[in-house]
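One structure is given below, encoded as C-alpha cells.
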There are 2 protein chains.
Amino acid sequence: MQKIISLHHKLESMFSHSEENYLKAIYHLGITSVNGVSTNAIAKKLSTKASSVTDMIKKLAEKKVLIYKKYQGVSLTEEGKKTAALIVRKHRLWEVFLVEKLNFNWDEVHDVAEQLEHIKSSKLINEIDALLGFPKFDPHGDPIPDTNGNLHLIEKKLLSTLQINETGICIGVKDSSASFLQFLDKQQIALGQEVEVLEKEDFDDSMTIKINNKKMTVSNKIANNLYIQK
Amino acid sequence: MQKIISLHHKLESMFSHSEENYLKAIYHLGITSVNGVSTNAIAKKLSTKASSVTDMIKKLAEKKVLIYKKYQGVSLTEEGKKTAALIVRKHRLWEVFLVEKLNFNWDEVHDVAEQLEHIKSSKLINEIDALLGFPKFDPHGDPIPDTNGNLHLIEKKLLSTLQINETGICIGVKDSSASFLQFLDKQQIALGQEVEVLEKEDFDDSMTIKINNKKMTVSNKIANNLYIQK
DNA sequence: AATATTTTTTAGACAAGACTAAAAATGTTT
DNA sequence: AAACATTTTTAGTCTTGTCTAAAAAATATT
C-alpha cells in the first residue's frame, strides 16, 4: 500500500510549478554544455536572481534530481532528466494541439503551453498525444520526447553553415520568438520547404537563397536561426 | 498606454490560483443562499481553516470583488460574480472537452478540470468552446456560463420531488462525486433518459421508477441527487 | 437577562519562493 | 603571485497563503 501511494505521487505530483520550471531550464541548458550548468545561466534563463537559484538547486539536490557541488554548477540525474523531458513533452504536445486543433499561429503558442505543461495528469497528455496522431515534432520543429522521456535527435544544421549550391529542407527554428516567427510568416517561409543556397556574401555573411520557389536574400541573423535537414 | 496595460491585466491575470479558488467557492455557495456566505461555509468547501478564510476575504474585499463586513459573511460584487462565473465556464468547458474529445468518463474529469480552469488565455477557452460546438451544459448537466459570465438557469427538480405517475427527462446530477457517477453507470442511468415514477415508499422514501425502459427501485439518497426536467 | 455555545477574528508562527546586500570562492590579468 | 573582476553563496527580509491558539462577537439556551 505504501508503495502504491508513493508511486502515484512520483507519477503525478512530485514537483511544484516552480521546481518544474527550474528542471526544464536546467534540462535545456544542459543539452548543449558537457559540463555542469552554472547558477548564473539558470538565473538568466528564468529571469530571476542567482541567489534564488542557489536556494532552489539545494532543494532539488535534496530531492535527488540533480547533483550540486558548491561553486561547481549542477547537472541533472537520470531521474531529473526524465522528469524534465516529460515536462518538455507536455509543452510540445500542447503546442501541436494549439496549432492543429485550436487555430493558434505558431507564434502564439508558447505562453499558453508554458501554463499547460504543468497540468498533472498522465491520462490527459497521453490522450492529447493520441488525438494528434502521436506527432514527433512541435510546430517549431523541436522533437517531442516519448512517454519515457527519450527523444531521438535528428540530423540538422543551421542554414548559415550551408555552402553555395547546397540544398536541404527547412525543418525547424532555433529562435522561436514571436517576432522571428512573424518575420518568417511575412516572408512566406515555412517548415517543410526546400532551400537552396545561391550566394554567400563574405562582407556581412548574408546569403541569397531560393526557398518556396522564390529568390531572396537573408541576413546572417536569419540564417543562424533556421535549421536545415540535408 | 497605462490604460491598455491595466486592461490586459484585468482580462488575463488579475487573480492568483488561490484567489480564484476562493471566488469560485463563494460563487457556488452564494447561488443558493440569499444572505451572505459564512466564513465557516467557505472554509468547509475549501477544506481550509476559518482563519485562513478571514485573511483571504479581506484581501478580496480590497480588490472589490466582494463585500465584507466583520462577522457578517461575504457576498460577491458584480465584478466578483463575473470573474467567478468565467472560472466556472472554463471548468465546465474543459469537462466537456475531456469527455467529448479525450475519452474521459464523466467521473474522471473533475480533478483535471480543476487544474485546467486556471489557465489564463481567453483565446484558448473560446477556441475550445468553438471546437466543442458551443455546448450549453457540462457532462453532469450543469449549465455553462457564456463569455460574459451569464448563465441561464433551467427548470429542473429533484427526482425525489416527483409524484407517482409523473414523468420527465434525467438532465443532471446534484452530487457529481465519482462514486455516485459510477453507481449511475453501473445501473445504466445516463442523462437524456426518460424517467417515470411508478411507486413511492413512505417508509424509507425509496421510489420505483421506469428508466431506460427498465423498472428499478432507487433509494432516497439516489432520488435526491438526480435532476429531472418535466 | 445571564450563561453557554458556536462562529469569527486576531495575533503570531511557518513554509515556499523570491529579493537585496554583503561575504566568499573562483577566474583572469598583469 | 598579487590584484582585480566575476560568479556564487550566505544572511536577512518580504510576500503569499497557510496554520494554531486565544480573544471577541454573535447566537442559542436556560
Side-chain angles (χ1 to χ4, degrees), chain A residues 9 13-26 29-30 33-76 80 83-84 87 114-115 117-118 120, chain B residues 9 13-26 29-30 33-76 80 83-84 87 114-115 117-118 120:
Chain A
H9 276 239
S13 67
M14 200 106 186
F15 299 99
S16 74
H17 195 108
S18 184
E19 288 170 335
E20 290 194 347
N21 283 337
Y22 275 90
L23 283 173
K24 191 176 55 140
I26 296 165
L29 291 168
S33 77
V34 182
N35 323 340
V37 177
S38 79
T39 303
N40 260 3
I42 300 168
K44 195 174 174 185
K45 184 112 185 170
L46 293 175
S47 303
T48 184
K49 302 295 172 183
S51 54
S52 308
V53 174
T54 303
D55 286 348
M56 182 58 93
I57 62 186
K58 281 178 181 168
K59 215 175 103 187
L60 292 173
E62 273 180 24
K63 292 197 176 186
K64 312 282 188 198
V65 286
L66 52 79
I67 305 296
Y68 165 58
K69 277 188 206 135
K70 276 190 190 179
Y71 298 100
Q72 306 270 122
V74 299
S75 54
L76 295 179
T83 305
I87 299 165
E114 203 80 349
Q115 299 177 64
E117 72 190 6
H118 299 293
K120 308 276 201 289
Chain B
H9 276 239
S13 66
M14 200 102 187
F15 299 100
S16 73
H17 196 108
S18 185
E19 287 170 335
E20 289 193 348
N21 283 337
Y22 275 89
L23 283 172
K24 194 177 54 140
I26 297 165
L29 292 167
S33 76
V34 182
N35 322 341
V37 177
S38 79
T39 302
N40 260 3
I42 300 168
K44 194 173 174 186
K45 185 114 189 170
L46 293 174
S47 303
T48 184
K49 301 295 172 185
S51 54
S52 309
V53 174
T54 303
D55 287 347
M56 181 58 92
I57 60 187
K58 280 179 181 168
K59 215 176 103 187
L60 291 173
E62 273 179 25
K63 292 197 178 186
K64 313 282 187 197
V65 286
L66 53 77
I67 305 294
Y68 165 59
K69 276 189 207 135
K70 277 188 189 179
Y71 298 99
Q72 305 270 121
V74 299
S75 53
L76 296 178
T83 304
I87 299 164
E114 202 81 350
Q115 299 178 63
E117 72 190 3
H118 298 293
K120 307 288 203 275

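Every value quoted in this text rests on a predicted model; they were computed, and no experiment measured them. Just the heavy atoms: all of them, side chains too, but no hydrogens, waters or symmetry mates, feed the values below. Residue numbering restarts at 1 for every chain, and letters A, B, ... go by the order of the sequence lines.
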Per the under-4.0 Å heavy-atom filter, residues of residues 60-67 of chain A near DNA chain D come out as none
Practice problem: Using a 4.0 Å heavy-atom cut-off across all strands, classify B:S18 as base, sugar-phosphate, or nothing. | Solution: sugar-phosphate
| task | Check the pair B:K45 / B:L29 against side-chain contact (heavy atoms from CB on, under 4.5 Å), numbers first and verdict last. | result | CA-CA 9 Å; B:K45 185 114 189 170; B:L29 292 167; 3.9 Å; yes
Tell me, please, which residues at least two apart from [X] pass side-chain contact (heavy atoms from CB on, under 4.5 Å).
X     : value
A:D55 : none
B:S51 : B:K49
A:K44 : none
A:S75 : A:I67

I'd like to check the salt bridge (Lys or Arg N to Asp or Glu O under 4.0 Å) partners of B:E19; sequence neighbours left out, ordered by chain and number.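 Salt bridge (Lys or Arg N to Asp or Glu O under 4.0 Å) check on B:E19 returns B:K59, B:K63.
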### Pairs satisfying side chain to side chain donor-acceptor pair (under 3.5 Å), at least one member in residues 64-74 of chain B, at least two apart
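Passing the test, one end in residues 64-74 of chain B: no pairs.
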Length of the line joining [X]:[atom1] and [N]:[atom2], which is rounded to integer Å:
X     : N      : atom1 : atom2 : result
B:I42 : D:dT18 : CD1   : P     : 12 Å
B:E19 : D:dT18 : CD    : C1'   : 14 Å
B:K49 : D:dA21 : NZ    : P     : 10 Å

5' to 3', nucleotides 6-13 of chain C under a 4.0 Å protein heavy-atom cut-off (B base, S sugar-phosphate only, - none) gives -SBBB---
Does B:Y22 put a side-chain nitrogen or oxygen below 4.0 Å from OP1 or OP2 of D:dT18? yes
field: Partners passing side-chain hydrogen bond (donor to acceptor under 3.5 Å, both in side chains) against A:E117 (at least two apart in sequence or in another chain)
entry: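 Testing A:E117 for side-chain hydrogen bond (donor to acceptor under 3.5 Å, both in side chains), a comparison that skips the adjacent residues, returns A:K24, A:H91.
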